[in-house]
Amino acid sequence: MLEIRNLHAALEGREILKGIDLSIRAGEVHAIMGPNGSGKSTLANVLAGRPGYEASAGEVLFDGQDLLALAAEERAREGLFLAFQYPVEIPGVNNLYFLKASINAIRKHRGQEELDALEFLERVQEKAGLVKMDEAFLKRPVNEGFSGGEKKRNEILQMAVLEPKFAVLDETDSGLDIDALKVVADGVNALRSPERGFLVITHYQRLLDYIVPDVVHVLVDGRIVRSGGPELAHELEAQGYTLYGREAGASRRAQA
Amino acid sequence: MSANLEELADRGYAYGFTTDVEQETVPPGLSEDVIRLISAKKQEPEWLLEWRLEAYRSWLKMPVPEWAHVHYPPIDYQAISYYSAPKKSIGDGPASLDDIDPEIKKTYDRLGIPLVEQEFLAGVAVDAVFDSVSVATSYRGKLAEQGIIFCSFSEAVREHPELVRQYLGTVVPVRDNYYAALNSAVFSDGSFVYIPKGVRCPMELSTYFRINAKNTGQFERTLIVADAGAYVSYLEGCTAPMRDENQLHAAVVELVAMDDATIKYSTVQNWYPGDKEGRGGIYNFVTKRGLCRGARSKISWTQVETGSAITWKYPSCILRGDDSVGEFYSVALTRDRMQADTGTKMIHMGKRTRSTIVSKGISAGHAQNAYRGLVKILPTADGARNHSQCDSLLMGDQCGAHTFPYVEVQNPTAQVEHEATTSRVSDDQIFYLNQRGIGTEDAVSLIVNGFCKEVFKELPMEFAVEAQKLLELKLEGSVG
């Protein structure tokens, strides 16, 4: 489903991703763990097409299509979803209106009819229940005045409503207390299906207790230094990233 | 209208066509003779001619105001024609809807303004002003049943001279300002509304102003009087052809609200703004003022200003009656080389008078957008309150937003609050919406509509939808 080959990427001229290879099949959940500054969020942003992030080498195939050639909105319409680490506020635009604009843009791209008001509302209400979001939130402006946890739940709600083929969760657990974390994880788990892939980016193993991944990758200094099963997350929790930091540092010196 | 949206967007300014109709136009130039001629054409009584001449003589002595944050070359008032009317309408003014010149009817059809009753905007009565004259007023009979007068200004002068004379110039005196004096001297037509005591006007009243003739100024005058306990909601719209020369539009609007009366006045202004380099466009120099004469009266201005090369207007409220309320809700969009200096004045005289100001300025391209507002609390206004909120949204780094709030408080019991913000349409917001499948143009209009929401919700519903569409069209291509 998602095939990343030798991906190099830079932000403001500084190379951050230094050759990523990653293959995620439909139905799989992959986790990327790594220390601060290792390039986790850069990977998420490059995949979603955020302006400023330049892929300088390599390729990304999404269902066989050259993902990097597409504009950000086209990637979204093709079914790629990014749950933001820092969701932005859009004052005056109510959540429902925004969701409707979003879902209809995606449906139009797929040659589907726009959802009528009633179908749309039913769908949103059902999904709001899934992330235990009060319906009052739907009428509030997008993320405006939301707490950190509410913003993250709103991201998961959007994901649930849009039903993407592939979702990238960028540190969705950051700033969440344990109850909010469970709600978010339940939301993600409910969406797991044989047709859908996930890339879960996190600093901590804690989230992976609730969203159990098929594969865990360790990202250090722009490279995947190790991959393994869910047990790798626990190992990292116990040992920290220091070991890999040294390895990575050593390899960098070796190259120089 | 929405079927044409794409076509409209391609053409940029969609209302830039001209109507080929035989017109009688007075040669350019301004003098007492020209004023006498206009007055004679309109078969006006002597007192009105004298009133015009007094205004003209005052205007001659007044300096051109230069305090606004706008720049334009001096206007040659002798190069403007002050009266232009479609030939067929001369003399009697609009008679019945069937008598309108088909070309003019077509013009309004193209503009989406039905002059025929019962179509599309059923429930909205329209007065159509074409250059210097009113060409049609719909639903008059139905309104007359309740004693409501809705007609062209010229007709009001003929049919209801006592009402016109009683109120004309009581809110905006002839010597009020340079452009108001000019208007008082040469005004040609406009709308007149009178709502009798205790009557709630059953439909929206609207005037649609169209400038068609070349080298002509439009100087219309609108007077709305809501007697005790009356209610009226009134809307004006405006467009003009695309021409390379600037054209002057200097209107005066006076509103009078008696005890417990409410007047809601909405404007969707879409005069031709000129081209990308700033050639042509309308100079929109307008004086609008409402007098809350009675206790508990209320005047609410809502304006969506999206056109004109230069917009220079301050719809204001004089809150004379105790417990009277003034409101001003404004969206002003400027792009390319457009300039706007707009805002309001809230003059508190009565006790416990309240005013609310919500101003949203949007600038794109090389445009300049200024909010200028005065809140004045006079010594008599015990317990007066004002809340002002002025927000500016910038798109790109070549445009400017300016806020000039003036506050004069002469009564210690007053409460005056002012909030102001300036923000940009951020790349993060656009990317967020892109990531949800929404294209950049749509993302921008979503953000801008969100920004303007507090104002749009004050517009009558059909017009709120139109205003939103208009804004989308105007923003097209303004993000790089």
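Chain letters run A, B, ... following the sequence lines, proteins first and then strands; every chain starts at 1.
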Looking at chain B, which one of [options] has the largest number of heavy-atom pairs inside 4.5 Å, strictly under?
options: A:Pro51, A:Ala76, A:Ala101; value: A:Ala76
options: A:Ala48, A:Ala71, A:Pro164, A:Gly52; value: A:Ala48
options: A:Gly49, A:Pro87, A:Ser102; value: A:Ser102

Do you know the tightest heavy-atom contact between [X] and [Y]?
X: A:Glu155; Y: B:Arg436; value: OE1-NH2, 2.6 Å
X: A:Ala72; Y: B:Phe431; value: CB-CE1, 3.9 Å
X: B:Gly437; Y: A:Arg77; value: O-NE, 2.8 Å
X: A:Val93; Y: B:Leu446; value: CG2-O, 3.2 Å

Just verifying a value: how many Å separate [X] [atom1] and [Y] [atom2], rounded to the nearest 0.5 Å?
X: B:Asp428; Y: A:Glu89; atom1: CG; atom2: CD; answer: 12.0 Å
X: B:Asn449; Y: A:Ile90; atom1: CG; atom2: CD1; answer: 12.5 Å
X: A:Asn104; Y: B:Ile438; atom1: CG; atom2: CD1; answer: 10.0 Å

Just wondering, more than 12 heavy atoms not from [X] lying within 6.0 Å of its [atom1]?
X: B:Gln389; atom1: CD; value: yes
X: A:Arg196; atom1: CZ; value: yes
X: B:Arg385; atom1: CZ; value: no
X: A:Phe62; atom1: CZ; value: yes

Taking B:Gln435 as the fixed residue, which of A:Val168, A:Asn45, A:Leu82 is the one that meets the side-chain contact (heavy atoms from CB on, under 4.5 Å) rule?
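Result for side-chain contact (heavy atoms from CB on, under 4.5 Å) with B:Gln435: A:Leu82.
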
Which portion of [X] sits near chain B, non-hydrogen atoms under 4.5 angstrom:
X: A:Pro141; answer: neither
X: A:Gln158; answer: side chain
X: A:Leu80; answer: both
X: A:Leu162; answer: side chain

Please walk me through it: do B:Asp427 and A:Arg50 pass salt bridge (charged side-chain N to carboxylate O under 4.0 Å, His left out)?
CA-CA 9 Å; B:Asp427 293 343; A:Arg50 185 189 282 266; over 6 Å; no

Identify the residues of residues 105-115 of chain A whose heavy atoms come closer than 4.5 Å to a heavy atom of chain B, ordered by number, or report 'none'.
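Those residues of residues 105-115 of chain A which have a heavy atom under 4.5 Å from chain B are A:Ala105, A:Ile106.
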
So, do B:Tyr432 and A:Tyr86 have ring centers that fall under 6.0 Å from each other?
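Ring-ring flag for B:Tyr432/A:Tyr86: false, centres at least 6.0 Å apart.
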
